[in-house]
Peer 1: 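Quick one: the structure is below, and I'll ask about it shortly.
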Amino acid sequence: MLNIKHLTQYNTRSGWNALLPPRVPCDQKPAKTRFASIVIGAGYTGLAAARRSAELEPAKEVLVLEASEIGEGPSGRNSGFVSVVPSKPMANAYGSAEDDALRKLRISLAGQEWLRSLIQEHNIDCDWDEESLRISAAATPKGAVDARNWLQSLRTWGFTCRVLSDEDRVAGLGTDYYTTAFDFRPRALVQPAALIRGLAASLPANVTLLERTLVTRVEGTGPFQVQSTKGTFTADRLFIANNAQARDLGMLPDRTVTILTYAALTPPLDGRELAKLGAAPIWGMTPIDSMGMTMRKLKDRFLVRSMSSYGRETDPKTVRNELTRLYRNRYPRMNSHAFEYVWGGSMAFTGNGGFFFGEARPNVFGAVGCNATGVVRGTINGKLLAELACRSQSQLLTDRLRQVGPNWLPPEPFRGIGAMSRMAWLRHKAGREY
Ligand SMILES: Cc1cc2nc3c(=O)[nH]c(=O)nc-3n(C[C@H](O)[C@H](O)[C@H](O)COP(=O)(O)OP(=O)(O)OC[C@H]3O[C@@H](n4cnc5c(N)ncnc54)[C@H](O)[C@@H]3O)c2cc1C
C-alpha cells in the first residue's frame, strides 16, 4: 500500500476553490469497471488527455480517477499565470538550444490557443484575462542583470516587451520594493480553480470522472488492473497524469522530486486599501528570481505566492507567518496584512528542467514534471499524449517527442539532501528578491 495520502490531501483548502460556489464531487462508483483507457489524475494534464482521447476515439470509454476533488488539486491551487515561455532550452540531436526554444514556444502557444478555444466553446467562467498588466520584476542589482538577459531572450522569441519607467513601476505596483519591471505578452491570467472546474464539467460524454478515488496500485501488462480506494478498474491503456505523485506508482522513480510551494489570499479589500496596491485595477507579477514572490492584484483581493519545501507540507501557521512577513515588507502601508486563505500545493521538478513525455512501457503513457508552469504545459502535454496513444500524427507531436527528458537523480537520502541544499542556497542567494 502506498503512503501518498499526505500529498493528495492538503492541510488547508485552495483559496481559489473556496471562493467558488460549493460543488458536488463526482464520487459515485460507476456501474462498469472495464474501460478502454484509464487516466490517473484530473489536473490539466489528465483532463486534457481524457478529453483528447475521447474525441479521437468517440466509441471508446475513458475513466478518470482523481484522489482529491476537482479544484482542490494543484491545478486549482496555483497562481493562475498562463505562461507560454519556453522552459529551459536544451540543445540535442535535433538542433540547437535556440531550435528547442522555438519548438517549445510553438507547442505552448498551441496549448494556450486550445485552452482559449475550450473556454469560449464551453463558456467557462474563469476570469481569463489577456489584457491586464502582467509583469516580471526584480529588486536587486543582480536581479536587474538577470531581467535584462531575460528580456533579450523574450524579444528573440518574438514576445512583445515593454520596460516600465521608474514612475510607472511604482505607480503600477504601488510599491518601490522593485527596481526593474517589464510587461511581456502573450501571457494570460486566470482563476485556476474555476478553469479546472470548467474543464472537468465540459468533458465529452464518453469520459467518466471519479473523484475522491486514490489509485493505490497498478498491475498487469495490458489489460491493466488499477486498484483504487473505490475498487479495481480494468483498461487496455493507461495515462499517468498525477505529476508529483507519479513516482509513487512506479513512474520515473529516479527522475523527479516533489516540491511544494505556498499561496495566500487576503479578505476582500476596500477601495482605499486596493489603491495602495497600485493604480491598475488588476495586475499580475512573477519574480525574475526563482525564489521570489509572485503577486496578483485581483478585483477585490490580493494574492501572494512564495516559499518552497521538499516532499512534505510546511504547517499552515509557519506558512501564514512567513507570507505575511513577505507581504508586509513589500506593502508596509496596508492597514492589515491578514490573509483569509493560506494553502500549499505540490509540483514535480526535474534536475535538468526536462519533462517526461511518452510511452513509458507498452500502452502506459505519461506526462510528468511540468515544474511550476503546468497550466499550459500540462494541457498541451495531455493533449499530445492522447494523440500519441491514438497514433495520430502531427508536427507538434513530433516536436514534443524531440525534447530532452529528465535526467537521473540519486536515490534518497542523497536526493533530498541535494534538493534541500539547493533550495537553501538559492534562497540565500536571492537576498532581497525572496
Ligand atoms: C501555489 C502554486 C502556484 C503555482 N503557480 C502556477 C502558475 O501561476 N502557472 C502555472 O502554469 N503553474 C503554476 N503552478 C504549477 C501548476 O499548478 C502545476 O504545474 C500543474 O497543476 C500541473 O498539472 P498536472 O495536471 O500535470 O498535475 P496536478 O495538477 O498536480 O494534477 C495531478 C492530480 O493527480 C491527483 N493524484 C495524485 N496521485 C493520485 C493517485 N494515486 N490517484 C488518483 N489521483 C492522484 C492529484 O490529486 C492531482 O489532482 C503552481 C503550483 C502551485 C502549488
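Both counts, for ligands and for their atoms, begin at 1 and track the order of listing. Treat the numbers as computed from the prediction; the structure is a model and nothing was measured. Computed over heavy atoms, backbone and side chain alike; hydrogens, waters and symmetry mates excluded.
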Peer 1: At under 4.0 Å between heavy atoms, is it the side chain or the backbone of Ala372 that contacts ligand 1, or both, or neither?
Peer 2: backbone
Peer 1: Of the choices Ser79, Gly284, Gly378, Gly345, which has the non-hydrogen atom that lies closest to atom 5 (N) of ligand 1?
Peer 2: Ser79
Peer 1: I'd like to know whether the aromatic ring centres of Phe365 and Phe357 sit less than 6.0 Å apart in this structure.
Peer 2: no
Peer 1: Considering only heavy atoms, does Val368 approach ligand 1 within less than 4.0 Å through its side chain, its backbone, both, or neither?
Peer 2: neither
Peer 1: Tell me the contacting part of Arg77 for ligand 1: side chain, backbone, both, or neither, using a 4.0 Å heavy-atom threshold, strictly below.
Peer 2: backbone
Peer 1: Take every heavy atom of Thr213, measure it against each atom of ligand 1, and state whether any distance is under 4.0 Å.
Peer 2: yes
Peer 1: At a non-hydrogen distance cut-off of under 4.0 Å, which region of Leu65 contacts ligand 1 (side chain, backbone, both, or neither)?
Peer 2: backbone
Peer 1: Can a non-hydrogen atom of Ala244 be found less than 4.0 Å from any atom of ligand 1?
Peer 2: no
Peer 1: Pairing donors with acceptors under 3.5 angstrom, does anything connect the side chains of Asn92 and Arg402?
Peer 2: no
Peer 1: Under a heavy-atom criterion of less than 4.0 Å, does Gly73 contact ligand 1?
Peer 2: yes
Peer 1: When you compare ligand 1 with Gly46, is there at least one nitrogen or oxygen pair between them that comes in under 3.5 angstrom?
Peer 2: no
Peer 1: Is ligand 1 under 4.0 Å from a heavy atom in the side chain of Arg377, in the backbone, in both, or in neither?
Peer 2: neither
Peer 1: If you look only at distance, which donor and acceptor atoms sit under 3.5 Å apart when one is on a side chain in residues 153-164 and the other is two or more places apart or in another chain?
Peer 2:
unit_1	atom_1	unit_2	atom_2	d
Ser153	OG	Asn149	O	3.3
Thr156	OG1	Gln152	O	2.7
Trp157	NE1	Glu98	OE2	3.0

Peer 1: Hey, can you pull the donor-acceptor pairs under 3.5 Å for the side chains in residues 117-127, sequence neighbours left out?
Peer 2:
unit_1	atom_1	unit_2	atom_2	d
Ser117	OG	Glu113	O	3.4
Ser117	OG	Trp114	O	2.8

